[in-house]
Student: 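Handing you a structure now.
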Amino acid sequence: MMPKSNDEKASYQASSIRTPKTPIIARKVWILATASKRVDAAVAAIQGAGHEVRTAESGAELAPALREFRPDLIVIDMQDQPDRGRHVALQLRADRATRQLPIILVAARDVSLTQGDKTITGPTRRYALPLDAPSVLNAVVTEL
């Protein structure tokens, strides 16, 4: 049997994510990511827990939309474009209006979270696993 390439690897199923029956308060989450399979798994898990989710592929999409959809949490998938993810996180921390929003930075083990990621201050969590990993999705749902 031939090993699967990164593109052929199966995505985690949303059914493997533990979600509470009913959230006490429905929260709002922005997910900044480009990989549709990982985003779909994250959206399914978070919506399955009763929360509202919006997605963006770039910081340019995220910034103006923050005025109409104020999130309780921002998740940045840094696996495909780590420099862009760092840049967006630093911009969020530099803006007085978004400085204290919780941010979760996610990158697979092969894309290490570098020293530069540690300069992102404020309420920030970092996970060295793909966004669609059950343990990361459970942590995101728990964070809410």
Side-chain angles (χ1 to χ4, degrees), residues 3-93 95 97-144:
K4 292 182 179 182
S5 70
N6 286 342
D7 294 328
E8 295 175 10
K9 287 184 182 173
S11 182
Y12 294 101
Q13 299 296 319
S15 62
S16 63
I17 310 307
R18 291 173 287 157
T19 57
K21 296 285 184 207
T22 317
I24 296 172
I25 299 173
R27 303 289 184 170
K28 297 178 180 179
V29 180
W30 265 109
I31 299 175
L32 180 67
T34 56
S36 62
K37 285 183 182 180
R38 291 192 304 267
V39 171
D40 292 345
V43 168
I46 295 167
Q47 286 179 339
H51 304 290
E52 192 174 346
V53 181
R54 297 233 180 136
T55 62
E57 289 190 10
S58 70
E61 289 178 55
L62 181 66
L66 283 172
R67 291 184 191 96
E68 69 180 57
F69 183 83
R70 180 74 177 180
D72 297 298
L73 177 67
I74 297 175
V75 179
I76 301 175
D77 182 4
M78 297 175 50
Q79 184 164 333
D80 297 326
Q81 298 177 352
D83 291 335
R84 186 188 67 180
R86 278 185 209 95
H87 179 72
V88 170
L90 289 170
Q91 281 184 322
L92 289 168
R93 290 296 180 239
D95 185 344
T98 58
R99 184 173 293 153
Q100 290 303 316
L101 284 175
I103 297 175
I104 294 180
L105 302 175
V106 182
R109 292 171 199 234
D110 56 333
V111 179
S112 65
L113 295 170
T114 66
Q115 189 65 30
D117 299 331
K118 294 182 180 162
T119 63
I120 301 167
T121 59
T124 306
R125 296 198 192 284
R126 296 160 182 83
Y127 295 95
L129 291 168
L131 175 61
D132 57 353
S135 59
V136 171
L137 294 175
N138 284 328
V140 169
V141 169
T142 301
E143 185 80 22
L144 296 169

Student: About how many Å separate NE2 of His51 and CD1 of Ile46, when rounded to the nearest 0.5 Å?
Tutor: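 One gets 8.0 Å once the value is rounded to the nearest 0.5 Å.
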Student: Can you name the closest pair of heavy atoms from Val39 and Ala33 and give their distance?
Tutor: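 Scanning both residues completely, I find the closest heavy atoms to be CG2-CB, 3.3 Å.
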Student: Using side-chain heavy atoms (C-beta onward) and a distance below 4.5 Å, is Arg86 in contact with Met78?
Tutor: yes
Student: If you measure from CG on Leu73 to CZ on Arg27, what distance do you get to the nearest 0.5 Å?
Tutor: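 Leu73 atom CG to Arg27 atom CZ measures 10.0 Å (nearest 0.5 Å).
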Student: Is Pro130 close to Val106 at the side-chain level, that is, under 4.5 Å between some pair of heavy atoms?
Tutor: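 Heavy-atom side-chain distance check fails, nothing below 4.5 Å.
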Student: Out of Val75, Asp77, Leu129, which residue meets the side-chain contact (heavy atoms from CB on, under 4.5 Å) rule with Val136?
Tutor: Leu129
Student: If only atom types and distance count, is the side chain of Arg93 paired as donor or acceptor with the main-chain N or O of Val88 below 3.5 Å?
Tutor: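 Checked: no pair found.
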Student: Roughly how far, to the nearest 0.5 Å, is CG of Leu92 from CD1 of Ile103?
Tutor: 4.5 Å
Student: Run the side-chain contact (heavy atoms from CB on, under 4.5 Å) test against Gln91 and tell me which residues pass, sequence neighbours left out.
Tutor: His87
Student: Among residues two or more places apart or on two chains, list those pairs meeting ring-ring contact (aromatic ring centres under 6.0 Å, His included) that have a residue in residues 67-86.
Tutor: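 For residues 67-86: Trp30-Phe69.
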Student: So which heavy atom on Leu66 is nearest to which on Pro71, and how close?
Tutor: CD2-CD, 3.5 Å
Student: Rounded to the nearest 0.5 Å, what separation is found between the CG atom of Leu131 and the CG atom of Asp40?
Tutor: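 Spacing of CG (Leu131) from CG (Asp40) equals 10.5 Å.
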Student: Could you tell me which non-hydrogen atom of Ala41 sits nearest to which non-hydrogen atom of Asp132, and how far apart they are?
Tutor: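 Heavy atoms of Ala41 and Asp132 come nearest at CB-CB, 3.6 Å.
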Student: Please report the interatomic distance CD1(Ile31) to CD1(Ile74), rounded to the nearest 0.5 Å.
Tutor: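 That separation rounds to 11.5 Å.
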Student: Starting at CD of Glu61, measure out to OG1 of Thr55 and round the result to the nearest 0.5 Å.
Tutor: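 Between atom CD of Glu61 and atom OG1 of Thr55 there are 7.5 Å.
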Student: Give the minimum heavy-atom separation between Glu57 and Leu32, together with the two atoms involved.
Tutor: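 Smallest interatomic distance, heavy atoms only, reads C-CD1, 3.7 Å.
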